[in-house]
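One structure below.
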Amino acid sequence: MDAEDERVDEAEGLKLIRAFLSLPPDKRAEVIAFAEGLARVHGRPEKGTEASPT
């Protein structure tokens, strides 16, 4: 990954954070619940263990 790709990824991440923060609290809770559900489905590692890159 070169510097340009990293800047693009960083900009996309900031856009996602800005969009999340602009949501009302009830919608934020829905997004968090959805993300937690995805983490459970995809096998989040146990506490105290490190995730391996995929």
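For the single chain, residues carry numbers from 1 onward in sequence order.
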Hydrophobic clustering (ILVMFWY, side-chain heavy atoms < 4.5 Å, transitive) - are [Y] and [X] grouped together?
| X | Y | result |
| --- | --- | --- |
| F34 | L16 | no |
| V31 | L21 | yes |
| L38 | V41 | no |

Verdict with supporting geometry, E12 and K15, salt bridge (charged side-chain N to carboxylate O under 4.0 Å, His left out): CA-CA 5 Å; E12 288 298 314; K15 288 178 187 178; 3.6 Å; yes
E36 side chain reached by R40 side chain, heavy atoms, under 4.5 Å: yes
